[in-house]
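Keep in mind that the numbers below use all heavy atoms, side chains included, and drop hydrogens, waters and symmetry copies.
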Amino acid sequence: MAEQAELVDNFDWDNVDASGFGGNYTAEQRAEMEEMYSGTLTTVQEEEVVTGTVVGMTDRDVILNIGFKSDGLVPLSEFRDLPDLKAGDTVEVFIEEQENANGQLILSRKKAKIKQAWKAIYDALENDSVLEGVVKRRTKGGLIMDLDGVEAFLPGSQIDVKPIRDFDIYVGRRMEVKVVKINAAFDNVVVSHKVLIEKDLEKQREAILNNLEKGQILEGVIKNMTNFGVFIDLGGVDGLLHITDISWGRIAHPSEVLQLDQKLNIVVLDFDEAKKRISLGLKQLTPHPWDSLPEDMGVGTKVKGRIVNVADYGAFMEIIPGVEGLIHVSEMSWSQHLRNPQDFIKQGDVVEAQILTLDREDRKMSLGIKQLSEDPWTRGDFADKYAIGTNHNGLVRNLTNFGLFVELEEGVDGLVHVSDLSWTKKIKHPSEMVKVGDRLDVVVLELDVSNRRLALGHKQLEENPWDTFQTVFTPGSVHTATIIDKNDRGAVLELPYGIEGFAYPKSLQKEDGSMAENGESLEFRVIEFSKDDRRVVLSHQAVYNKQAEEEGRAAKFAKKKPSAGAAGAASQGEGKLSDMKKTTPAEKSTLGDLDALSALRDKMMDNES
């Protein structure tokens, strides 16, 4: 207390200015102090990056001294990448505001990093320098990288020289890239990692191409796979391994024996220096399977294999991988009627066959399946089973203009001529009566085992009705007929019981002078009847004009032309008169004729049943 009293007693109260604190400074002293004080401060501008020193840390902020009149605050969250931050460390910060409403200096480390990152990005594009960043996430078509706070797009095609199938493996990885494009308007940056690899591979590529030669064995990695082959990376140079050069056996797709990213040895088959195209081979590194065939394998040997391809003309059977034989469709069945190979075998089937021909030099082989079964034409009971007159039921296999082929059993076909289908109908094409796939009853007419020929008939299963028709449609008799087809050469007439007749154009004239037309039913007189040729020639004019009938008969006798069948008569306008009797008066069908027709009708109905 004594000391305090002594200080008070010695205080110079005269120099105290009651007007305010510091008011006792002179103008010169004040100017000197302001100059000394301003020398310790730094002039700063907003939106500028400066270096600050950490002077303190709280739970939420970091206190930085940048040499300004006051310290600045930066959120602690912006220093997550510096977990060991402590007082005395220096960092770069961005000045957002020199003084806010509270008089506080506002700083940002995040914005400072972004501004510095953009500067580095522009410098990298200008100077072609390399930047390092972290892959943040994958996106459609590529990756998003963080270049010190700036997001950049790394396209999938620019990640590596080989196609990348899984982008996720790069997430979180640090990568070196080059800036290839900047869109300042949208703050977009495109980078590439591939260009760095390509530069490294350029020297390696030149070395490979300079030393490349046919027959050279190289190591490569499968980088792409297609239907026609695989592309192999030889260390900066790509080569094509065609599907036919992968395996000696037949494969449908390279994925059956190879995988992406697989490392393998291949041989150079060809090299086009101008186009930089390299053809590679894999199967050439192993011996050809034909060279491993047993010496005792030859014609007649039975082999077993898998069907690898079916064509229109046959099928290819693989005995061992790389060794195939052709089974022609004609060697699949004893049948003379060739069918689609798909009717016998399918791709993937495992079948047994017999070697028919074998050429080891040209590496060709033909096989047969039917040789493993007995030829039906050489069986001991064949001649008895298909003797002339025996009845059979077969499958219609093929139709032609002249007849149809019926398969009686596998390998045994017979021909039914179109003229042997019906006694009464004039069939122009077999399709008028049957179709392929129908079953048909037939009788053997001829058998030629040596030439493997069977002549069959269908109408012969019934009695010849023309024997009865000869007694009904006698020359001169009159019958009612309907015109079913008329042309310039005459008309086809439908007579009772399904028989057809023919009338010449002149004989169609009616009594009133008009001509009969299609669909009309009129009375016709029989002018000519031939049982052997199954032909009936009639005339309507001869019904009411007997003189016309006589003149017609005389004209026919004068020509003396041989019979040419009903069809020939129709085309030539002439009939056959050799079987005709003397002209008899016009007469109707008698009671006896009706009885014969009635019996014939009953018999035909029974046969149809």
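The CG atom of D359 sits 8.0 Å away from atom OG1 of T357, with the distance rounded to the nearest 0.5 Å. One finds the CZ atom of F228 at 10.0 Å from the NE2 atom of H253 (value rounded to the nearest 0.5 Å). A distance of 13.5 Å separates CG in L367 from NZ in K302, rounded to the nearest 0.5 Å. The OG1 atom of T301 lies 4.5 Å from the CD1 atom of I355; values are rounded to the nearest 0.5 Å. With rounding to the nearest 0.5 angstrom, the CG atom of L404 is 5.5 Å from the CG atom of L421. A distance of 9.0 Å separates CG in L154 from CD1 in I144, rounded to the nearest 0.5 Å.
With respect to E151 and K136, a salt bridge is recorded, a charged nitrogen being found less than 4.0 Å from a carboxylate O. A salt bridge links R363 and D291; the closest N-O separation between the charged side-chain nitrogens and carboxylate oxygens is under 4.0 Å. Salt-bridge check for D362 with K364: failed, with every basic side-chain N at 4.0 Å or more from each acidic carboxylate O. A salt bridge is defined here as a Lys NZ or Arg NE, NH1 or NH2 lying under 4.0 Å from an Asp or Glu carboxylate O, and K194 with D160 fails to meet this definition. Salt-bridge check for E410 with K370: failed, with every basic side-chain N at 4.0 Å or more from each acidic carboxylate O. Salt bridge status for R452 with D375: present, with a side-chain N to carboxylate O gap under 4.0 Å. Salt-bridge check for R250 with E318: failed, with every basic side-chain N at 4.0 Å or more from each acidic carboxylate O. A salt bridge links D128 with K178: the distance from a Lys NZ or Arg NE/NH1/NH2 to an Asp or Glu carboxylate oxygen falls below 4.0 Å. Using a 4.0 Å cut-off between a side-chain N of Lys or Arg and a carboxylate O of Asp or Glu, D349 and R306 do not qualify as a salt bridge. A salt bridge between K385 and E409 is present, with a side-chain N of the basic residue lying under 4.0 Å from a carboxylate O of the acidic one.
Within the 4.5 Å cutoff, the side chain of L258 has heavy atoms near those of the L241 side chain. Taking the side chain as every heavy atom from C-beta outward, V323 and W248 never approach each other to under 4.5 Å. Side-chain contact between E352 and L372 is present, with heavy atoms from C-beta onward closer than 4.5 Å. Between V150 and I121 the shortest side-chain heavy-atom distance falls below 4.5 Å. Side-chain contact between H193 and Q158 is absent, with no heavy-atom pair separated by less than 4.5 Å. The shortest distance between side-chain heavy atoms of L282 and D245 does not fall below 4.5 Å. Inter-residue side-chain proximity for I369 and E331 is flagged as unmet; no heavy-atom pair is nearer than 4.5 Å. Proximity of V221 to Q262: side-chain heavy atoms (C-beta onward) are nowhere separated by under 4.5 Å.
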Could you walk me through whether V267 and Q216 pass the side chain to side chain contact (heavy atoms under 4.5 Å, CB included) check?
-> CA-CA 6 Å; V267 61; Q216 185 178 5; over 6 Å; no
Checking side chain to side chain contact (heavy atoms under 4.5 Å, CB included) for the pair F382/L447: CA distance, chi angles, key distance, verdict?
-> CA-CA 10 Å; F382 184 84; L447 174 62; 4.0 Å; yes
Start with the C-alpha distance between L408 and L456, add both sets of side-chain angles, then the distance that settles side chain to side chain contact (heavy atoms under 4.5 Å, CB included), and finish with yes or no.
-> CA-CA 10 Å; L408 303 181; L456 307 174; 4.3 Å; yes
Stepwise salt bridge (Lys or Arg N to Asp or Glu O under 4.0 Å) test for R397 and D413 | CA-CA 9 Å; R397 282 294 187 186; D413 293 349; over 6 Å; no
Kindly indicate, with the supporting measurements, whether the criterion side chain to side chain contact (heavy atoms under 4.5 Å, CB included) is fulfilled by H242 and S279.
-> CA-CA 8 Å; H242 198 269; S279 298; over 6 Å; no
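For P341 against V310, the heavy-atom pair with the smallest separation is CB-CG1, 3.9 Å. Across L234 and G220, no two heavy atoms sit closer than the pair CD2-CA, 4.2 Å. Contact record, H429 with S431: ND1-OG, 2.9 Å, taken as the closest heavy-atom pair. A pairwise comparison of heavy atoms in R360 and L293 identifies NH1-CB, 3.5 Å as the closest pair. Residues P289 and I320 share a closest heavy-atom pair of O-CD1, 4.0 Å. Residues L147 and L131 share a closest heavy-atom pair of CD1-CD1, 4.2 Å.
Residue-environment remark: CZ (R453) stays at or below the threshold of 12 foreign heavy atoms within 6.0 Å. In D59, the CG atom is not crowded: 12 or fewer heavy atoms of neighbouring residues, nucleotides or ligands sit closer than 6.0 Å. Counting non-hydrogen atoms of other residues, nucleotides and ligands closer than 6.0 Å to CG of D312 gives a total of 12 or fewer. Residue R60 places its CZ atom among 12 or fewer non-hydrogen atoms of other residues, nucleotides or ligands, all under 6.0 Å distant. For K346, the NZ atom counts as densely surrounded, since its 6.0 Å shell holds more than 12 non-hydrogen atoms of other residues, nucleotides or ligands.
In this structure a side-chain-to-backbone donor-acceptor pair under 3.5 Å is missing from T139 to G142. A donor-acceptor distance shorter than 3.5 angstrom exists from the side chain of W377 to the backbone of G411, with no hydrogens or angles considered. Side chain of E256 to main chain of A252: a donor-acceptor pair is present (N/O by atom type, distance under 3.5 Å, no hydrogens or angles). Using a distance-only test at 3.5 Å, with no hydrogens or angles considered, a donor-acceptor pair links the side chain of Q347 to the main chain of V308. The backbone N or O of T244 sits less than 3.5 Å from a side-chain atom of K283, completing a donor-acceptor pair. Not one N or O on the side chain of D384 forms a donor-acceptor pair closer than 3.5 Å with the backbone of D381. Proximity of a side-chain donor or acceptor of N127 to a complementary backbone N or O of S129 within less than 3.5 Å is not detected.
Checking each of V406, V434, V443, L440 against H458 for a side chain to side chain contact (heavy atoms under 4.5 Å, CB included) leaves exactly one that passes, namely L440.
Partners of H392 under the ring-ring contact (aromatic ring centres under 6.0 Å, His included) rule, at least two apart in sequence or in another chain, are Y386. For K140, there are no side chain to side chain contact (heavy atoms under 4.5 Å, CB included) partners at least two apart in sequence or on another chain.
Within the structure, ring-ring contact (aromatic ring centres under 6.0 Å, His included) pairs that include any residue of residues 124-172 do not occur (at least two apart or interchain).
Using modelled atom types, one finds a donor on one side chain and an acceptor on the other under 3.5 Å when comparing S450 with D448.
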